[in-house]
Amino acid sequence: MNDGSPTDSTGGDVPATTWRSGVPSPEDSTLRNLGPMQVRLEDGAEVVPSDRRLLEWVDPRDPQRAAQRMIKDSWRVLRIQSEFVSGFDALENVAEAVTVFGSARIKERSPEYETARDLGRRLAHEGFAVITGGGPGVMEATNRGAYEAGAESIGLNIELPFEQHSNPWVTMSMNFRYFFVRKTMFVKYAQAFVCLPGGFGTLDELFEALTLVQTKKVLQFPIVLIGTEFWGPLVDWLRNTLEAEGMISPGDIDLVHVVETPAEAVAIVVKAARS
C-alpha cells in the first residue's frame, strides 16, 4: 500500500532529498534574480553578482588568467549592451516621471512607509510616472501609492548577492545585472529625483544626481530630500565643511531642496517641470 511517498518507475521510493515542503513564497531567501532571470537556488548557495565579476581584479602578471579575463570582458560588453537596449526599449514611452529613492528596510504601516506612499500618490495625481529600485521599503510604498492612484509604477531591480525581490505594486518591472546601466535608466527617464531617508544606496544615488546637475550633464533637474531632521545634518556638513573650505562652489548647496512633506516635494517637482 502506498503511504503517499513518491515512487520511481521501478516501484521503489524516491529519495527523501527530492521532497520540497511548503508553498513557495516570493520572499523566499532561495529566490534570486540573475540578470533578467529569476531562479530558485538551494538554500545557502552563494550568488556572485555580474558587477562583482566585472570589477574583480585579475593579476596581469598571470598570463593565463589575464588572457581569460580579456576574452570574458570582450563578451561581457555584449551583455552590457543588451541591458542598455532592453532598458531603452522598455522605457522609451515613459513621458514625465520622477525617480524616488529611500531605504529598503522600512516596514509597512510605519510613518516613513506612509510618507512614501503619499508621495507616490501625489506624483500620480500630477501626471507623473514613478520610478523606483523596485524593491521593498520606500520603493514599495512609493510604487504602491502611484499604482493605487492609477499611474505608471516602474520598478528597476538589481542583481544582488542577497535576496531583493520586486514589490507587487509595479506596472512595469525590470531586473538589471549592472548598477551603472540601471543608474542610467533612473536619470534618463526622470525629470526629478526625490530622496527619502535611506542608507548607502540612497546616498550613492543622491550624490551621483548632484554631480550630474552640478556639472550640467542634466538640466532643470530638481533634487528634493524629504525629512528635515534626517537630512539636515548632512546639508549642514555640505555647507559648513565642503562649501566653507572651497570644496564645492558657492551656491552648489542650493541644488538640494530639503522639505518636510510630500506635498512640498511635489510642488517643487511640478514647478520645475512646468517652467
Do you reckon Phe221 sits in the same ILVMFWY cluster as Leu196, going by side-chain contacts under 4.5 Å, direct or chained?
no

Side chain to side chain, Val85 and Phe88, heavy atoms closer than 4.5 Å
no

Check ion pair Lys107-Glu140 (N to O, under 4.0 angstrom):
no

Given Val258 and Phe230, is the side-chain contact (heavy atoms from CB on, under 4.5 Å) satisfied, shown in steps?
CA-CA 10 Å; Val258 183; Phe230 183 89; over 6 Å; no

Kindly compute the distance separating CG (Leu238) from CD1 (Ile253), expressed to the nearest 0.5 Å.
4.0 Å

Centroid-centroid distance, Phe186 to Phe193, less than 6.0 Å:
no

Once you round to the nearest 0.5 Å, how far does CE of Met172 lie from CG of Asn93?
8.0 Å

Below 4.5 Å, heavy atoms only, C-beta onward: do Phe128 and Arg122 meet side chain to side chain?
no

Minimum heavy-atom distance Leu234-Phe207, with the two atoms named:
CD1-CZ, 4.2 Å

With side-chain contact (heavy atoms from CB on, under 4.5 Å) as the criterion, how do Val100 and Leu123 come out once you've worked through the C-alpha distance, each side chain's angles and the decisive distance to 0.1 Å?
CA-CA 10 Å; Val100 180; Leu123 288 170; 4.2 Å; yes

Could you tell me the separation between the CG atom of Asn157 and the CG atom of Asn175, rounded to the nearest 0.5 Å?
5.0 Å

Any heavy-atom pair between the side chains of Val170 and Tyr147 that's under 4.5 Å?
no

Expected output: side-chain Asn143 to main-chain Ile154 donor-acceptor under 3.5 Å:
yes

Which is it for Glu83 and Ser86 under the side-chain hydrogen bond (donor to acceptor under 3.5 Å, both in side chains) test, yes or no, and what are the steps along the way?
CA-CA 5 Å; Glu83 285 212 339; Ser86 296; over 6 Å; no

Shortest non-hydrogen contact from Tyr113 to Ala141?
O-CB, 3.2 Å

State, yes or no, whether a side-chain contact exists between Val98 and Ile131 at a heavy-atom distance under 4.5 Å.
no

Full working for side-chain contact (heavy atoms from CB on, under 4.5 Å) between Ile268 and Val259:
CA-CA 10 Å; Ile268 292 170; Val259 300; 3.7 Å; yes

Have Thr171 and Glu152 got a donor and an acceptor in their side chains that come within less than 3.5 Å?
no

Interatomic distance, CZ@Phe200 vs OG@Ser103, rounded to 0.5 Å, equals 12.5 Å

Hydrophobic cluster identity match, Ile158 and Val130, side-chain contacts under 4.5 Å:
no

Does any part of the side chain of Asp118, heavy atoms only, come nearer than 4.5 Å to the side chain of Arg121, both counted from C-beta?
yes

For Glu229, is the CD atom crowded, meaning more than 12 foreign heavy atoms sit under 6.0 Å from it?
no

Short question: side chain of Ser110, backbone of Ile106 - any donor-acceptor pair under 3.5 Å?
no

How about Arg274: does its CZ atom have over 12 heavy atoms from other parts shown lying under 6.0 Å from it?
yes

Closest contact, heavy atoms only, Tyr189 versus Val94:
O-CG1, 4.2 Å

Closest approach of Pro197 and Ile226, non-hydrogen atoms and distance?
CD-O, 3.4 Å

Check Glu148 with Arg144, please: is the shortest side-chain N to carboxylate O separation under 4.0 Å?
yes

Side-chain donor or acceptor of Gln191 paired with backbone N/O of Ala97 under 3.5 Å
yes

Report yes or no: does Glu264 contribute a side-chain atom to a donor-acceptor pair with the main-chain N or O of Thr261 at less than 3.5 Å?
yes

For a 4.5 angstrom cut-off between non-hydrogen side-chain atoms, does Phe101 reach Thr132?
no

Donor-acceptor pair, side chain of Asn240 and main chain of Asp236, under 3.5 angstrom:
yes

SB check Glu208 Lys183 (cutoff 4.0 Å)
yes

Looking only at heavy atoms, which two atoms of Pro250 and Glu243 are closest? And how far apart?
CA-OE2, 3.5 Å

OG (Ser153) and CE (Met139) are apart, to the nearest 0.5 Å, by 12.0 Å

Taking the ring of Phe180 and the ring of Tyr178, is the distance between their centroids below 6.0 Å?
yes

ILVMFWY network linking Leu212 to Val194, side-chain heavy atoms under 4.5 angstrom:
no

Give a yes-or-no answer on whether the side chains of Ser173 and Ser166 include a donor-acceptor pair shorter than 3.5 Å.
yes

Please report the C-alpha distance between Ile223 and Val213 in whole Å, then the side-chain angles of each, then the deciding distance to 0.1 Å, and finally whether the side-chain contact (heavy atoms from CB on, under 4.5 Å) criterion is met.
CA-CA 9 Å; Ile223 300 169; Val213 175; 3.9 Å; yes

In Å and rounded to the nearest 0.5 Å, what is the SG to CG distance from Cys195 to Leu225?
5.5 Å

Would you say Met185 ends up clustered with Phe179 if hydrophobic residues are merged whenever their side chains have heavy atoms under 4.5 Å apart, either directly or through other cluster members?
yes

Would you say Trp169 and Leu91 are hydrophobically clustered, going by side-chain heavy atoms of ILVMFWY under 4.5 Å?
no

Minimum heavy-atom separation for Val269 and Ala192, please, with both atom names.
CG2-CB, 3.9 Å

